[in-house]
Protein chains: 2
Amino acid sequence: MPEGTPTIYDIAREAGVSIATVSRVVRGEENVSKKTREKVQAVIQSRNFMPSSLARGMSSRRSYTLGIVLPRLTNPNYAEIFTGASEEARSRGYHISMFPWQSLIDPQGNQALTLASWRLDGVIICVEYTPENQGETLIRSLEALRSYMPVVLIGCVPQCLQYPAITYHMAEIVRQSVSYLTELGHEKIALIGGMEADQDESRRDVGYLEGLADHKLPFISSYRVFCRGTPEEGEKALDAILDGLMPAYWPTAVLALNDLVAMGLYRSAKKHGLSIPNDLSIMGCDNIVSAAYLSPALTTIDMCQQALGKRAVDLLLCGEDMRQRAEWKLVERESCGPVPQRL
Amino acid sequence: MPEGTPTIYDIAREAGVSIATVSRVVRGEENVSKKTREKVQAVIQSRNFMPSSLARGMSSRRSYTLGIVLPRLTNPNYAEIFTGASEEARSRGYHISMFPWQSLIDPQGNQALTLASWRLDGVIICVEYTPENQGETLIRSLEALRSYMPVVLIGCVPQCLQYPAITYHMAEIVRQSVSYLTELGHEKIALIGGMEADQDESRRDVGYLEGLADHKLPFISSYRVFCRGTPEEGEKALDAILDGLMPAYWPTAVLALNDLVAMGLYRSAKKHGLSIPNDLSIMGCDNIVSAAYLSPALTTIDMCQQALGKRAVDLLLCGEDMRQRAEWKLVERESCGPVPQRL
DNA sequence: AATTTTGATGAAAACGCTTACAATACTGGT
DNA sequence: ACCAGTATTGTAAGCGTTTTCATCAAAATT
């Protein structure tokens, strides 16, 4: 079927001009006479001609296309980043296309630079540390990729890499979250964190410890656990904390890795007969759409993902080698309340 | 920066062979002596050589890349489709990349076939009818696109187009949903539907009417409304129904367009003092991850989106011109219950 | 009217691969 | 040692654009 695709030659012949002229018309160059332009445009319309980006990219070495790679789409908040990036790109005349994580690193842990082969004008990579993709492989892939196109990183940026990036200041976020909870009277605060790179500022556990210290609260190791960012894992994680402790020692507030995990916590809490926020306060992170519709509505950190996507495109296109911080704000809803008065 | 990107010539020179040989090694052809192969591979490794997909695509007219275009990513269920498609593609040696809806139709309603310019090996298009993209423009875009690459449609397929497709049998789904609710004793069932193409089988309202008829229930026009697929719109839609009717005439069950809308219904119900499912039963559609974590957990239709994504790739690659039906199943949770006994 | 300037067009060489097809280097059988 | 047959390698012609440079006609200047 893709046989009849017309080329610039077909158009040129049919319009009785040279291919150079067709090329000029297609790219909207000025120096073509009105008459010729109209003639050519007519033929283009009638043949539904669409110049090949491949050929264009080859000869001009620009594709006006960016790439974005996201770890998983099962977390709706990556979708937000994509949406933001996509809008910004479009408004600047660029096209953006999303590549799965495997185009960077395949499931066997090899670098699989499908991405590099496309010779894009740049790529945004949203890095999430998981046990599988830490360290070596990731770093090698990124370095190799970078020799092919400009790269902007979002999220957790490995210490040793000096890339333009927009980073999450997770330590600070968690620290302030702890503050927020202590103001509500909580002293037994648990943290369900993730794997968070080697960079202090992107580590929740670092901020957690700081937060506790700020308020002279002891660090209780069974209050800090790590898990993956899914509801199931969240549920298990809280189960583990609660089942391992006498009720008297149960935390009164939990900081979750993200909203998905928070949803899992809701279920675990229910199972253990805890009402939110009366017996247990829960705080999420990301502010995904559903967060507002849980009951009780989830108090969480809005990570402004759309804005983040936009800024990433911006950074990529301006070409400066900067590291910026992502914005965020706490959104208070109903899942955090005053510490329960146990009698 | 993207200056130093090595070409096949660089590799050839450095390895002391011809470019044809390098090409053979890169593509893993058999007929290269072991010695040569190793020599070339070493150079490829050391230079981090990644052949240009552009050049490759041009000369071979295959890219081993598929496209997928989804209307919006704000509905997590599209993410599921992508995930499924992505996995299936990979297992068949293809790469898949996602394009935003604007690469098909731009916001001004013009066809913007960025997609066509990439000369992909095929593309999956997930069609959602909205007031903006109905009819003409969409159809013209699809037709034009199809002359460039094979197309498989998912979702609501315009009547007049004979494309290979996997369609939702919405009419049947809604009809059976009505049955399910009548078995619980409901007689006042509302439908919050969407814009659903011109095809009977993809129209919820058609199935709704059939369902009512099956059970000899009257059609009450204020019970049927249309809305867009967001929580906000859902909330408004139910508000409108409830506010427009005396409580005695309020529906006892509502069928929602999708789970996002259902979440909006929860909020509206709460606002009107209705408890779910005691006063009002709610049924969603899609079975997004969050659905299971609402309280009460949402009874919904699992649209098996991952499987759908896989099947779409399958259909695209097998090249047959078939129309299939998407699978689905009702998942019972807590949001639907027996009809309230009003005294 | 002759000359210069300007504007519109065309010819041809890249761009980095694949892929016939041709050429060469081996192999084993005599 | 010779030849056919086979395995390996190289040559060169595309693929569909952009872009530089040259050409040519028309308009502007003298």
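We name chains A, B, ... by the order of the sequence lines, and we start the count at 1 in each one.
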(request) Anything under 4.0 Å to a heavy atom of chain B counts; send over the first and last such nucleotide of DNA chain D, read 5' to 3'. (result) D/dT8 to D/dT17
Separation of atom [atom1] in [X] from atom [atom2] in [N], rounded to whole Å:
| X | N | atom1 | atom2 | value |
| --- | --- | --- | --- | --- |
| B/Arg27 | C/dC17 | CZ | C1' | 9 Å |
| B/Ile8 | C/dC15 | CD1 | C1' | 13 Å |
| B/Arg61 | C/dT18 | CZ | C1' | 11 Å |
| A/Met58 | C/dC17 | CE | P | 8 Å |
| B/Arg24 | C/dA20 | CZ | C1' | 10 Å |
| A/Glu30 | C/dT6 | CD | P | 18 Å |

(request) Report yes if at least one side-chain N or O of B/Arg56 is closer than 4.0 Å to OP1 or OP2 of C/dT18; otherwise report no. (result) yes
(message) Please determine whether a side-chain nitrogen of the Lys or Arg among A/Arg311 and A/Asp314 lies less than 4.0 Å from a carboxylate oxygen of the Asp or Glu.
(response) no
(message) Need to verify one output field. Residue with the more 5' nearest nucleotide on DNA chain D, B/Asn31 or B/Arg119?
(response) B/Asn31
(request) Assign B/Val32 to base, sugar-phosphate, or nothing according to its heavy-atom contacts below 4.0 angstrom with the strands shown. (result) sugar-phosphate
(message) Categorize B/Arg62 for me: base, sugar-phosphate, or nothing, with a 4.0 angstrom heavy-atom threshold over every strand shown.
(response) nothing
(message) Are A/Arg323 and A/Gln162 packed together at the side-chain level, in the sense that at least one heavy-atom pair is separated by less than 4.5 angstrom?
(response) yes
(request) Using a 4.5 Å cut-off on heavy atoms from C-beta on, say whether the side chain of A/Ser46 contacts that of A/Glu14. (result) yes
(request) Scan residues 10-23 of chain B against DNA chain C and write down, sorted by residue number, each residue with any heavy atom closer than 4.0 Å; if none is found, say none. (result) B/Ile19, B/Ala20, B/Ser23
(request) State the CG-CG distance between B/Leu145 and B/Leu120, to the nearest 0.5 angstrom. (result) 9.0 Å
Look at the side chain of [X] and the backbone N and O of [Y], then say whether any donor-acceptor pair between them is shorter than 3.5 Å.
| X | Y | result |
| --- | --- | --- |
| B/Ser117 | B/Leu115 | no |
| B/Asn48 | A/Ala144 | no |
| B/Thr36 | B/Val32 | no |

(request) Start with the C-alpha distance between B/Glu128 and B/Tyr78, add both sets of side-chain angles, then the distance that settles side-chain hydrogen bond (donor to acceptor under 3.5 Å, both in side chains), and finish with yes or no. (result) CA-CA 11 Å; B/Glu128 187 191 63; B/Tyr78 290 123; 2.9 Å; yes
(request) Classify the ring geometry between A/Tyr94 and A/Tyr64 as parallel (under 30°), tilted (30 to 60°) or perpendicular (over 60°). (result) tilted
(message) Under the criterion side-chain hydrogen bond (donor to acceptor under 3.5 Å, both in side chains), I'd like the reasoning laid out for B/Thr83 against B/Ser86: C-alpha separation, chi angles, the key distance, then a yes or no.
(response) CA-CA 5 Å; B/Thr83 306; B/Ser86 176; over 6 Å; no
(request) Report yes or no: is the cationic atom of B/Arg146 (NZ for Lys, CZ for Arg) closer than 6.0 Å to the six-membered ring centre of B/Tyr163, at no more than 45° off its axis? (result) yes
(request) Map A/Tyr9 and B/Glu29 onto DNA chain C by nearest heavy atom, then report which one ends up closer to the 5' terminus. (result) A/Tyr9
(message) Any residue in residues 33-40 of chain B with a heavy atom nearer than 4.0 angstrom to DNA chain D? Just list them by number, or reply none.
(response) B/Ser33, B/Thr36
